[in-house]
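Since we're looking at a predicted model, the values are computed, not measured.
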Amino acid sequence: MNAAKRLEIFQRLHADNPEPTTELAYSSTFELLIAVILSAQATDVGVNKATAKLYPVANTPAAIYALGYDGLCEYIKTIGLYPSKAKNVIETCRLLVEQHNSQVPDTREALEALPGVGRKTANVVLNTAFRQPAMAVDTHIFRVSNRTGIAPGKTVLEVEKKLLKFVPKDFLLGAHHWLILHGRYVCKARQPQCGSCRIEDLCEFKQKTID
């Protein structure tokens, strides 16, 4: 795919959604961090239901740490893999209090040193909270990048690096969200809705469908 085609793709995605953001509900950087940790192999809808009950009770590192493992589990037990996520969240809260003055760090190295925070989670926080041009490649972005030809790659890291290289600079901050939303609602895994896709004429996917 050439640069002109990529530019047109992101111009259209921007025109349709000028201020894209995550569908996770949060009101602070810390709430976003915890929501993203909980969202691994879970839906945003499911995470939002759990945090809607958790955050009014505890939405700071000290408050969630004070709940303890069992207390936190009561709020997040509807989320997949909640036992291990609860352990990671409790330990992350302890480290934030003890090492970061209860503030979420704004560097990849410090974020990835927190339990439950891998490269993808760190990228989401860096992009969404700190407005850094990081690219969190989830299953939706990996699929859309390969299927459309925007940034094909065999691994998540390869796709991430290509997106950072090929996405026009003016659209780097929003690209993460546009591609996720496109993969979630239009370019679906089993049945892409090519007939109603805004970038169908620019997409290089050969097996296009008719809605």
Notebook entry, point to check: Side chains of Gln103 and Leu96: closer than 4.5 Å at any heavy-atom pair?
Noted result: no
Check: Within a strict 4.5 Å, meaning less than it, do heavy atoms of the Asn2 and Arg6 side chains meet?
Finding: no
Item checked: Pairwise distance OG(Ser39) to CG(Leu32) - rounded to 0.5 angstrom -> 9.0 Å
Note to self: Any non-hydrogen side-chain atom of Val125 less than 4.5 Å from a side-chain atom of Phe130?
What the structure shows: yes
Checklist line | Least distance between heavy atoms, Pro152 atom then Gly149 atom | finding: CD-O, 3.5 Å
Next item on the list: Compare every heavy atom of Ala25 with every heavy atom of Tyr55, then report the nearest pair and how far apart it is.
Entry: CE1-O, 4.1 Å
Next item on the list: Treat each ILVMFWY residue as a node, draw an edge where side-chain heavy atoms are under 4.5 Å apart, and state whether Leu163 and Leu7 are in one component.
Entry: yes
Note to self: Check for me, please, whether Leu67 and Leu114 land in the same ILVMFWY cluster - side-chain distances under 4.5 Å, paths through other members count.
What the structure shows: yes
Margin query: Strictly below 4.0 Å, N to O, side chains only: are Arg12 and Asp201 in salt-bridge contact?
Written below: yes
Notebook entry, point to check: Once you round to the nearest 0.5 Å, how far does SG of Cys203 lie from CD1 of Ile9?
Noted result: 7.0 Å
Margin query: Can you confirm whether Lys208 is buried at NZ, in the sense that more than 12 heavy atoms of other residues, nucleotides or ligands lie under 6.0 Å from that atom?
Written below: yes
Check: Charged N to carboxylate O below 4.0 Å: is that the case for Lys120 and Glu160?
Finding: no
Check: Of all heavy-atom pairs between Pro192 and Arg147, which one has the smallest distance, and what is that distance?
Finding: CB-NH1, 3.4 Å
Note to self: Checking side chain to side chain contact (heavy atoms under 4.5 Å, CB included) between Tyr26 and each of Asn59, Leu33, Thr128, Val47, which is the one that passes?
What the structure shows: Thr128
Check: Would you find more than 12 non-hydrogen atoms of other residues, nucleotides or ligands less than 6.0 Å from Phe30 atom CZ?
Finding: yes
Item checked: Heavy-atom check, side chain of Val36 versus side chain of Thr22, under 4.5 Å -> no
Next item on the list: Answer with yes or no whether the hydrophobic clustering places Val57 together with Leu72; edges join I, L, V, M, F, W, Y residues whose side-chain heavy atoms lie under 4.5 Å apart.
Entry: yes
Margin query: Quick one, Arg198 and Val186 - any side-chain contact, counting heavy atoms below 4.5 Å?
Written below: no
Note to self: Keeping Lys85 on the side-chain end and Gly80 on the backbone end, is there a donor-acceptor pair under 3.5 Å?
What the structure shows: yes
Checklist line | Joint cluster assignment, Leu81 & Ile90, ILVMFWY side-chain distance < 4.5 Å | finding: no
Notebook entry, point to check: What are the two closest heavy atoms between Ile141 and Ala136, and how far apart are they?
Noted result: CD1-O, 3.0 Å
Margin query: Whether Glu74 and Lys77 form a salt bridge (side-chain N of Lys/Arg under 4.0 Å from carboxylate O of Asp/Glu) is what I want to check.
Written below: yes
Check: Could you give the distance from CG (Asp44) to NZ (Lys49), rounded to the nearest 0.5 Å?
Finding: 12.5 Å
Note to self: Are the side chains of Arg108 and Arg119 in contact, using a 4.5 Å heavy-atom criterion?
What the structure shows: yes
Next item on the list: Give a yes or no on whether the backbone of Gly46 and the side-chain of Thr43 come within a donor-acceptor separation of less than 3.5 Å.
Entry: yes
Item checked: Heavy-atom check, side chain of Val167 versus side chain of Phe10, under 4.5 Å -> yes
Item checked: Smallest separation among heavy atoms of Gly116 and Thr121, with atom names -> O-OG1, 4.2 Å
Item checked: Rounded distance (nearest 0.5 Å) linking atom CD1 of Ile37 with atom CD1 of Ile34 -> 4.5 Å
Check: About how many Å separate CG of Leu164 and NZ of Lys169, when rounded to the nearest 0.5 Å?
Finding: 11.5 Å
Note to self: Using a 3.5 Å distance criterion without hydrogens, assess whether the side chain of Asn127 forms a donor-acceptor pair with backbone atoms of Leu173.
What the structure shows: yes
Check: So with a 6.0 Å cut-off around NZ of Lys162, is the heavy-atom count from everything else above 12?
Finding: yes
Note to self: For Glu91, is there an ion pair with Lys87 - N to carboxylate O distance below 4.0 angstrom?
What the structure shows: no
Notebook entry, point to check: Under 4.5 Å between any side-chain heavy atoms of Leu13 and Phe171, yes or no?
Noted result: no
Check: To the nearest 0.5 Å, how far apart are OH in Tyr75 and CD1 in Ile64?
Finding: 10.5 Å
Notebook entry, point to check: Does the distance from a Lys or Arg side-chain N to an Asp or Glu carboxylate O, for Lys154 and Glu158, drop under 4.0 Å?
Noted result: no
Checklist line | Exercise: identify the closest heavy-atom pair between Asp106 and Gln132 | finding: O-NE2, 3.0 Å
Notebook entry, point to check: Any chain of hydrophobic side-chain contacts (each under 4.5 Å) joining Leu157 to Leu126?
Noted result: no
